[in-house]
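Written out below as structure tokens is the structure these notes cover.
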There are 2 protein chains.
Amino acid sequence: MAKARHKTSQSHPAYPQASEELSLGPLAGLIGFHLRLAQSASFHAFARRLDGIDVSPGWFAVLALIKENPGVTQTALSRADTRDKSSLTPILDDLERRGMISRERLPSNRRSYSLNLTAAGLALLEDLMKHATAHEHELDQLVGPGGKADLIETLHRIAAAFSQQAVK
Amino acid sequence: MAKARHKTSQSHPAYPQASEELSLGPLAGLIGFHLRLAQSASFHAFARRLDGIDVSPGWFAVLALIKENPGVTQTALSRADTRDKSSLTPILDDLERRGMISRERLPSNRRSYSLNLTAAGLALLEDLMKHATAHEHELDQLVGPGGKADLIETLHRIAAAFSQQAVK
DNA sequence: TATTGTTATACTCTATAACTATA
DNA sequence: TATAGTTATAGAGTATAACAATA
């Protein structure tokens with residue numbers, strides 16, 4: 001987990017287009033393209049921070065959502081994190097095996113699990129949160145003091161708009 | 001390729017946290033979290049547009065970069081798209097097999113290929129560009145008229161800052 | 001020795017479909 | 001019949017390492 005390591009050797013050979021940055025052409029004006037590069041770079045930077053901890057960036061959101069919504073079910077959790085419930089199962093299996101979460105059948109509906117953090121899970125989350133905060137601090141610097149709320153609102157609007165489409 | 005299909009059945013059962021949106025807690029304030037959701041939603045929406053065309057969103061950038069930088073080498077291309085050269089090989093193999101690109105050894109450096117679009121590749125790219133433009137138009141609406149340049153600049157700053165880190 | 005590109009391989013993330021058990 | 005969760009499986013996407021050809 002969290003095993004991203006790059007080695008971008010900067011040589012400057014003598015043939016066209018290879019020594020400098022490529023021209024992006026129309027890509028330079030596409031939000032979608034920059035969204036991909038920014039999220040990928042940010043994700044890997046966060047993963048690098050988590051090196052040594054055996055938890056990937058995606059698991060952080062799972063733990064944070066359980067803490068914030070005690071007793072949440074797996075299906076509700078998968079919806080909030082916009083992935084299929086079947087993608088969540090192995091993650092939760094692992095977190096349970098490691099004693100980070102508890103799963104209890106709901107008496108009112110014995111098909112569902114009620115998910116909660118254990119004390120160990122809370123401690124893990126708090127550790128992860130420290131790294132997330134440090135990472136976020138870097139992002140804040142890049143975005144600037146006035147831009148953050150706007151940026152989050154815009155990103156949220158994008159996510160919400162296209163998620164609705166997916167339902168159609 | 002481009003096979004994303006969601007079915008978010010909106011039932012409203014009678015147990016806690018399942019009927020409505022979950023609380024995001026601290027995640028609500030994290031740029032990184034919203035970056036992931038926005039890019040994932042936008043990516044899948046674009047992929048949905050490309051349904052029927054046997055090319056994924058990632059391949060679009062490859063074709064666009066080759067068009068914009070005729071004769072580019074594989075290593076330079078992989079760098080511009082921030083992925084390893086070995087990830088590019090199977091994509092280029094496929095594009096070449098389908099007659100979309102040409103690969104010629106550079107006389108000046110016979111280790112390198114010079115990549116170019118064929119006529120068919122250009123036609124494919126133009127078709128893809130129509131879909132990308134339509135998708136981008138949707139994003140523009142969401143971002144608003146004044147926000148676009150700012151958003152792209154911010155995303156670019158994030159990508160650039162963390163890519164540099166990766167080199168260290 | 002260093003670099004370009006290929007190959008072999010593996011890991012992460014995520015989805016679909018069929019299943020069990022409950023409702 | 002419908003829903004919650006599991007299992008089996010598959011397919012993108014991407015990386016590392018070892019390699020051949022070339023520099």
Side-chain angles (χ1 to χ4, degrees), chain A residues 1-15 18-19 36 39-40 43-44 47-48 50 54-59 61-62 72-79 81-94 96 103-115 166, chain B residues 1-15 18-19 36 39-40 43-44 47-48 50 54-59 61-62 72-79 81-94 96 103-115 166:
Chain A
M1 217 134 297
K3 288 267 109 62
R5 205 103 311 181
H6 253 224
K7 216 144 289 177
T8 310
S9 46
Q10 292 298 51
S11 61
H12 286 228
Y15 37 80
S19 44
R36 173 161 74 83
Q39 129 55 217
S40 165
F43 182 92
H44 286 300
R48 238 175 284 134
L50 265 34
D54 191 26
V55 170
S56 75
W59 297 35
V62 170
V72 67
T73 65
Q74 298 190 185
T75 298
L77 182 56
S78 77
R79 222 148 36 212
D81 208 31
T82 58
R83 53 178 139 189
D84 193 83
K85 56 191 163 64
S86 70
S87 305
L88 217 46
T89 299
I91 298 176
L92 296 173
D93 283 351
D94 195 74
E96 186 184 29
R103 270 161 157 167
E104 289 175 61
R105 290 288 182 187
L106 278 176
S108 55
N109 183 344
R110 295 192 32 78
R111 290 174 299 189
S112 294
Y113 284 115
S114 159
L115 301 174
Chain B
M1 217 136 298
K3 287 269 107 61
R5 203 102 313 178
H6 253 223
K7 215 143 289 175
T8 309
S9 46
Q10 290 299 53
S11 61
H12 286 228
Y15 36 81
S19 44
R36 174 162 74 85
Q39 131 53 219
S40 166
F43 182 91
H44 286 299
R48 239 175 284 134
L50 265 37
D54 192 28
V55 170
S56 74
W59 296 37
V62 170
V72 66
T73 66
Q74 298 190 184
T75 297
L77 182 56
S78 78
R79 222 149 35 211
D81 208 32
T82 58
R83 52 179 140 188
D84 193 85
K85 55 191 163 64
S86 71
S87 305
L88 217 46
T89 298
I91 298 176
L92 295 173
D93 283 350
D94 195 74
E96 186 184 28
R103 271 161 157 167
E104 290 174 60
R105 291 286 182 188
L106 278 176
S108 56
N109 184 345
R110 296 190 34 77
R111 290 173 299 188
S112 294
Y113 284 115
S114 160
L115 302 175

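Naming convention: chains lettered A, B, ... in sequence-line order (proteins, then strands); numbering from 1 in each chain.
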Exercise. In chain order, what residues pass the salt bridge (Lys or Arg N to Asp or Glu O under 4.0 Å) check against B/D93, with sequence neighbours excluded?
Worked result: B/R103
For this session: Please determine, for the side chain of B/R83, which listed nucleotide (C/dC13, D/dG13, D/dT14) has the closest atom?
Result: D/dT14
Problem set entry | Smallest separation among heavy atoms of B/S112 and B/T73, with atom names | CB-CG2, 3.9 Å
Exercise. B/S86 side chain N/O closer than 4.0 Å to the phosphate oxygens (OP1, OP2) of D/dA15?
Worked result: no
Seminar exercise, completed: In short, B/P57 meets B/L50 closest at the heavy-atom pair N-CD2, 4.0 Å
For this session: State, to 0.1 Å, how close A/L77 and A/V72 come at their nearest heavy-atom pair, and which atoms those are.
Result: N-CG2, 4.0 Å
Exercise. Considering only side-chain heavy atoms of A/S87, which listed nucleotide, D/dT14, D/dG13, C/dT14, is closest?
Worked result: C/dT14
For this session: For side-chain contact (heavy atoms from CB on, under 4.5 Å), just list the numbers for B/Y113 and B/L92, CA-CA rounded to whole Å, side-chain angles, deciding distance to a tenth of an Å, and then say yes or no.
Result: CA-CA 11 Å; B/Y113 284 115; B/L92 295 173; over 6 Å; no
Problem set entry | N/O donor-acceptor pair, side chain B/S112 with base D/dT22, under 3.5 angstrom | no
Seminar exercise, completed: Here the distance between atom C1' of C/dT14 and atom CG of A/L77, to the nearest Å, is 15 Å
Problem set entry | Partner residues of B/S87 under the side chain to side chain contact (heavy atoms under 4.5 Å, CB included) criterion, sequence neighbours left out | B/R83, B/D84
Problem set entry | Residue pair B/A61 / B/D81: nearest heavy atoms and the distance that separates them | CB-OD1, 4.0 Å
For this session: Output yes when at least one side-chain N/O atom of B/W59 is less than 4.0 Å from OP1 or OP2 of D/dG13, else no.
Result: yes
Exercise. Nearest 0.5 Å, what's the OG-CD distance between B/S114 and B/Q74?
Worked result: 10.5 Å
Shorter than 3.5 Å, N or O on both sides, protein versus nucleotides 21-23 of chain C: list them out with atom names.
unit_1	atom_1	unit_2	atom_2	d
C/dA23	OP1	A/R110	N	2.6

Exercise. In whole Å, what is the span from the CD atom of B/Q39 to the C1' atom of D/dA12?
Worked result: 13 Å
For this session: Return the value, rounded to whole Å, for the distance between atom CG of A/L92 and atom P of C/dT14.
Result: 13 Å
Exercise. Given axes from five pairs at either end, by how many degrees does the helix from C/dT1-D/dA23 to C/dA23-D/dT1 bend, rounded to 10°?
Worked result: 10°
Exercise. Starting at CG of A/D93 and ending at C1' of D/dT6, how long is that distance when rounded to a whole Å?
Worked result: 8 Å
Seminar exercise, completed: Residue set satisfying side chain to side chain contact (heavy atoms under 4.5 Å, CB included) with B/R110, at least two apart, ordered chain then number -> B/R105
Problem set entry | Whole-Å gap separating P (C/dT7) and CD (B/Q74) | 11 Å
Exercise. Closer than 4.0 Å, any side-chain N/O of B/T89 to the OP1 or OP2 of C/dG5?
Worked result: no
For this session: Could you check whether A/T75 gets within reach of a base, just the sugar-phosphate, or nothing at all, counting any heavy atom under 4.0 Å?
Result: sugar-phosphate
Exercise. Roughly how many Å is it from CG in B/D84 to C1' in C/dT7, rounded to a whole number?
Worked result: 13 Å
Exercise. Under the side chain to side chain contact (heavy atoms under 4.5 Å, CB included) test, which residues partner A/S78, sequence neighbours left out?
Worked result: A/K85, A/L88
Exercise. When the distance from CZ of B/R36 to P of C/dT14 is rounded to whole Å, what number comes out?
Worked result: 6 Å
Seminar exercise, completed: In whole angstroms, the gap separating P of D/dA15 from NE2 of A/H44 amounts to 6 Å
